[in-house]
Every structure is written in structure tokens, then in C-alpha cells.
Amino acid sequence: MSRVEHIGLATLYLGDCRDVLPTIRNVDAVVSDPPYGVKERTARKAAGRGRDGVKRLPRCSKAAGARDWPAVIGDDGPFDPTPWLGFPKVVLFGGNHFSDKLPGASKWIVWDKREGTGPDDNADCEMAWTNLKGPARIHRQVWRGLIRRGEENDGGKSGRLHPTQKPIALMDFCLDQCRLDPAATVMDPYMGSGPTGVAAVRRGLRFIGVEIDPTYFDTACRRIEDAQRQAGLFTTPAILALQSPPAKVEG
Ligand SMILES: C[S@@+](CC[C@H](N)C(=O)[O-])C[C@H]1O[C@@H](n2cnc3c(N)ncnc32)[C@H](O)[C@@H]1O
């Protein structure tokens with residue numbers, strides 16, 4: 001680990017989550033959006049080729065204001081969820097891309113990104129595999145390039161923070177589905193810009209986040225710190241008491 005930040009209810013690691021995993025104890029839920037091979041598909045689309053490798057005619061040009069992102073670390077190959085499946089509650093976005101490595105599940109979480117708006121080349125929805133009990137659930141929130149419903153729709157002031165950024169409201173929906181005890185600890189091993197952490201600390205939950213890319217790690221630290229300050233968490237005596245010892249982590 002090259003850096004560890006303790007920010008109120010959150011313990012954030014800059015590093016590889018596979019190195020952090022053996023040091024972690026007492027995590028009640030893993031809620032995450034791991035990399036699962038988007039780079040390979042993006043490269044194919046950029047080359048104008050379909051899944052069959054056949055060249056397609058270009059349909060639309062890049063949206064105004066869209067930016068080029070560096071490749072997401074870990075997105076150049078298939079994802080192996082195995083290390084994360086043993087936790088009591090697990091929500092993993094992109095599960096439909098690695099379903100061959102997942103146990104059967106009844107409760108998938110579907111994020112409808114269109115809400116009835118017309119189709120384009122991108123997916124209509126994203127799907128999270130869970131080990132939770134109960135029926136499948138849908139979260140509806142338009143999120144198409146620069147068109148985003150929710151608190152991230154701030155007139156473009158904050159811009160996009162991550163190429164595969166998830167809405168805070170979506171991650172909050174996932175935490176809600178987990179039905180966690182108020183003293184629970186949530187972990188996001190592929191934290192990105194930190195929406196799971198923001199949602200968790202707003203709920204007063206402990207949070208452990210890991211991110212390997214220093215730029216996204218800094219973004220997540222800033223957002224999670226802002227969220228705790230806005231929620232007044234730094235000044236609540238009960239929360240301050242919870243912070244000692246700082247986290248259920250060894251090493
Ligand atoms: C799909 S993105 C998550 C984006 C996040 N949901 C958001 O809204 O910003 C996956 C993240 O995992 C990070 N990552 C990839 N491999 C990692 C690893 N071994 N350990 C920790 N983070 C990793 C990437 O840098 C990337 O930011």
C-alpha cells in the first residue's frame with residue numbers, strides 16, 4: 001500500500017485491493033463496480049468493428065464535451081470475482097460480463113440508464129450480481145454521456161470524474177438493498193471516484209475503499225471528506241467515539 005487515509009468513518013487505501021484483502025477483517029458488505037474488460041470492447045468499437053470482428057459503418061460522432069480518458073487499470077482482461085464472493089453481502093456491477101464465474105442468484109440489481117429515452121449504441125441498462133435474498137430490483141436513473149439525472153447533474157461544474165462513473169444514488173440504492181446494520185462496514189475494493197463511499201458515510205456506515213489509480217484515489221478522498229463534512233459527521237460525538245480504534249483492519 002502506498003498510502004492510507006483515515007477520513008472520519010472511512011479508511012481509504014491507495015494500492016492493489018488484492019494486497020489489501022488479506023489485512024481486512026469484519027467487512028459486512030462488498031459493494032463494487034470492478035473493471036471487467038471494457039477496454040477490449042472499447043478498442044474494438046473504436047476500430048469500428050462488431051463482436052464478430054466485422055467492420056461497421058460509423059453511426060455517430062463523439063458527443064460535444066466528451067473527453068478521452070486513459071485506460072482504466074485492470075480493464076484489459078476478464079475479471080475474477082472469486083476473492084470477493086465469501087463476504088456476507090456482495091453486490092458486483094458488471095456481473096453479466098463474468099456470470100460464468102458466479103453462483104446462481106435471484107436478486108440481480110438492474111440499473112435502467114434510459115428511463116424510456118431512445119436507444120443508442122450503448123447498453124440500455126447495467127446489471128449487478130448479488131448474493132442477497134429476495135427478488136430482482138430496478139433503479140431508474142438517466143445517465144447517458146453528458147446527460148445525467150441526479151446530484152451529479154450540476155450543469156457540468158464538476159464534469160465527469162471517472163470514465164465509468166456510477167451515480168451516488170445508484171450506490172445508495174445498492175446499500176439500501178443490503179439492509180445493513182447501522183454499525184456495519186462496507187468495502188469497495190475498486191472504488192474509482194468514490195460514489196459507494198459517499199453513499200456509505202452519508203448513511204453513517206463505516207467504509208473501506210481501495211483504488212489503484214492515484215488520480216481517482218484523490219478524487220474519492222475529496223468527495224468522501226466533503227460528504228462527511230456536509231453530513232456533520234466530523235462533529236457528532238457518537239461518530240467520533242466510533243473512530244477509535246480507527247478501523248477494523250489489521251496490518
Ligand atoms: C469500473 S471502475 C470504478 C468506477 C467507480 N464506480 C466510479 O463511479 O468512479 C474500476 C476502478 O478499479 C480500479 N482498479 C483496477 N484494478 C484495481 C486493483 N487491483 N485494486 C484496486 N483498484 C483497482 C481502477 O483504477 C478503476 O478506477
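Order of appearance sets the numbers: ligands from 1, and atoms from 1 within every ligand.
- Residue pairs meeting the ring pair (Phe, Tyr, Trp, His ring centres under 6.0 Å) criterion with at least one member in residues 160-182, sequence neighbours excluded: H139-F173, H162-Y216.
- Side chain of R137 to main chain of G134: no donor-acceptor pair is present (N/O by atom type, distance under 3.5 Å, no hydrogens or angles).
- Judged as a ring pair (Phe, Tyr, Trp, His ring centres under 6.0 Å), and not counting sequence neighbours, the contacts of F79 are F98, Y190.
- The salt bridge (Lys or Arg N to Asp or Glu O under 4.0 Å) search around K89 returns none, not counting sequence neighbours.
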Close N/O pairs between ligand 1 and protein, under 3.5 Å:
from     : atom 1 : to   : atom 2 : distance (Å)
ligand 1 : 6 (N)  : D33  : OD2    : 2.8
ligand 1 : 8 (O)  : K166 : N      : 2.7
ligand 1 : 9 (O)  : S193 : N      : 2.8
ligand 1 : 9 (O)  : S193 : OG     : 2.6
ligand 1 : 19 (N) : D16  : OD1    : 3.0
ligand 1 : 20 (N) : C17  : N      : 2.9
ligand 1 : 22 (N) : I212 : N      : 3.3
ligand 1 : 25 (O) : E211 : OE2    : 2.6
ligand 1 : 27 (O) : H162 : NE2    : 2.8
ligand 1 : 27 (O) : E211 : OE1    : 2.9
ligand 1 : 27 (O) : E211 : OE2    : 3.2

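- Side-chain contact check for I7 versus C221: some heavy-atom pair is nearer than 4.5 Å.
- With salt bridges taken as basic N to acidic carboxylate O contacts below 4.0 Å, one links D226 and R229.
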